[in-house]
Number of protein chains: 2
Amino acid sequence: MRLVIADCTVDYTGRLSAHLPRANRLLMLKGDGSILVHSDSGSYKPLNWMNPPCTISTIEVGEAAAELGVVEAWQVEQGKTGDKLLISIYEIFSDVNHDLGEEPGLLKDGVEANLQQLLAEQVHRVHPEAILVRREYFTAIGPVDILLSVPGAGHIAVELKRRGEIDGVEQLTRYLELLNRDPLLAPVRGVYAAQEIKPQARTLAEDRGIECLVLDYDELKGSSPEGNTLF
Amino acid sequence: MRLVIADCTVDYTGRLSAHLPRANRLLMLKGDGSILVHSDSGSYKPLNWMNPPCTISTIEVGEAAAELGVVEAWQVEQGKTGDKLLISIYEIFSDVNHDLGEEPGLLKDGVEANLQQLLAEQVHRVHPEAILVRREYFTAIGPVDILLSVPGAGHIAVELKRRGEIDGVEQLTRYLELLNRDPLLAPVRGVYAAQEIKPQARTLAEDRGIECLVLDYDELKGSSPEGNTLF
DNA sequence: ATCTTAATTTCGGCA
DNA sequence: TGCCGAAGTTAAGAT
């Protein structure tokens, strides 16, 4: 990884056009060919960047540019999309290179897939008599997260989110419309389950007869036969 | 901006839990207190990070950790959410500080607002006899991107996206329902215009009698009286 | 301040 | 590979 601290301007042309006026910035050149332009604030997302695969070439500085003080110009071109990044450098304050070696990668825990698995193991939290039909129950308009059967009382479609917002209610509504046309399933009720349900989403859900269920991840995990097995 | 190249492990606890095994990485500490952990590959998104406001404190290295070779431990805590990041450092290869000064910020062109302006100037692309009523036509449930009138044939509501996905169709459907109740406007047809329309969105749209229109940004821009006026 | 929507979204999973 | 949906989404604009 090459780290360059430089006074520069940057111009991007691709899906949109963008320009960065002259200022001191960090230019991060990664081993895979990608480049990131970072300022000293504004988190996480660079001001400009180019994804691999891309080629970085030093191009000749034109007379006009040289007169303005440009000492070096880099052209970065994306192989696939043809997006371009032009970096005009006025001064380099630092230029170092480090070999970082292999990245073993990030291990995650706690996302929706996990919630889904845990809730599928503990369907009684949705309804005391519920029986799991299956996770990812496939329909023509997409998979229902969890489909449950309640003996003598039809079925329950569960839509699962980490954070329950309004679009999840829309999604579940579409599923319910479809599922209730199936005489083998009807009547199908809806349950919107999430670690947190936004007031607007709750209002819309209840307005449509959809029950809201707030999940406590730690509680679900604590009741799981597998328990906490990470790391 | 402080740039540290170090052999480290990182543990995140917050909305989820995540762990980074031991490896060499770049730790970027920005002026606003935020921190980014980058590897030598993988684009633009750091492996781990913490957004401002957050506090970084050096904590004491426990005996067990010291025995494993940890020479320094940083705890980063988010002020608002309470998220935590623990960085255990085994070796520091480089540690430099640079003052970058003010960031003037990025100038953009080519996003949805621009598309809307261009299409509003070229309504014939929607319908040969269409006349612009107005952009951002306000309704009780939100603004319709573009409302057009077709002499003797009612109106057209245009929903505009850069990339046409299913939620845009839902949105337009809601608008159409509402607008068609207005006898001064009815009949109102819907047009879903985007630079790219996903198959699922197209299917749903056409199923609801909504016409899909794929826009070529460069073509729209080329036909504009203003042309390319950026920079 | 809160909420809605876009993003050069990125990222992962699955057909 | 392409499509689809989630993300510690983030970030910008509107209410």
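To find a chain, count down the sequence lines: A is the first, B the second, and so on, and within it residues start at 1.
- Shown here are the salt bridge (Lys or Arg N to Asp or Glu O under 4.0 Å) partners of B:Glu177, two or more places apart in sequence or in another chain: there are none.
- Here B:Glu72 pairs with B:Trp74 under the side-chain hydrogen bond (donor to acceptor under 3.5 Å, both in side chains) rule; sequence neighbours left out.
- Listed by residue number, B:Lys45, B:Asn48, B:Trp49, B:Met50, B:Asn51 are the residues of residues 34-57 of chain B with a heavy-atom contact under 4.0 Å to DNA chain D.
- With sequence neighbours left out, the salt bridge (Lys or Arg N to Asp or Glu O under 4.0 Å) criterion links B:Arg125 to B:Glu219.
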What protein N or O atoms touch nucleotides 12-15 of chain C N or O atoms at under 3.5 angstrom, if any, and at what distances?
none

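- Take B:Tyr44 and apply the ring-ring contact (aromatic ring centres under 6.0 Å, His included) test, not counting sequence neighbours, and it matches A:Trp49.
- In terms of heavy atoms, A:Asp145 sits closest to A:Leu160 at OD2-N, 2.7 Å.
- With sequence neighbours excluded, the residues forming a side-chain hydrogen bond (donor to acceptor under 3.5 Å, both in side chains) with A:Glu170 are A:Arg208, B:Arg174, listed by chain and number.
- A search for side-chain contact (heavy atoms from CB on, under 4.5 Å) contacts involving A:Thr203 returns nothing, not counting sequence neighbours.
- Judged as a side-chain contact (heavy atoms from CB on, under 4.5 Å), and not counting sequence neighbours, the contacts of A:Pro143 are A:Glu136, A:Tyr175.
- Residues that satisfy the side-chain hydrogen bond (donor to acceptor under 3.5 Å, both in side chains) test with B:Arg134, not counting sequence neighbours, are absent from this structure.
- When the P atom is compared between D:dA11 and C:dC11, the two are found 14 Å apart, to the nearest whole Å.
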Below 3.5 Å is the cut-off: list the nitrogen or oxygen pairs between protein and nucleotides 1-3 of chain D, distance only.
none

Give the table of side-chain donor-acceptor pairs shorter than 3.5 Å for residues 20-33 of chain B, with sequence neighbours excluded, one pair per line with atom names and distance.
from    : atom 1 : to       : atom 2 : distance (Å)
B:Arg22 : NE     : B:Asp7   : OD1    : 3.3
B:Arg22 : NE     : B:Asp7   : OD2    : 2.9
B:Arg22 : NH2    : B:Asp7   : OD2    : 2.9
B:Arg25 : NE     : A:Glu103 : OE1    : 2.8
B:Arg25 : NE     : A:Glu103 : OE2    : 3.4
B:Arg25 : NH1    : B:Cys8   : O      : 3.0
B:Arg25 : NH1    : B:Pro21  : O      : 3.1
B:Arg25 : NH2    : A:Glu103 : OE1    : 3.4
B:Arg25 : NH2    : A:Glu103 : OE2    : 2.8
B:Arg25 : NH2    : B:Pro21  : O      : 2.7
B:Lys30 : NZ     : A:His38  : ND1    : 3.0
B:Lys30 : NZ     : A:Ser39  : O      : 3.2
B:Lys30 : NZ     : A:Ser41  : O      : 3.3
B:Lys30 : NZ     : A:Gly42  : O      : 2.7
B:Asp32 : OD1    : B:Ser34  : N      : 3.0
B:Asp32 : OD1    : B:Ser34  : OG     : 2.6
B:Asp32 : OD2    : A:Gly42  : N      : 3.2

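- Atom name C1', nucleotides C:dC14 and D:dG8: the rounded distance is 24 Å, in whole Å.
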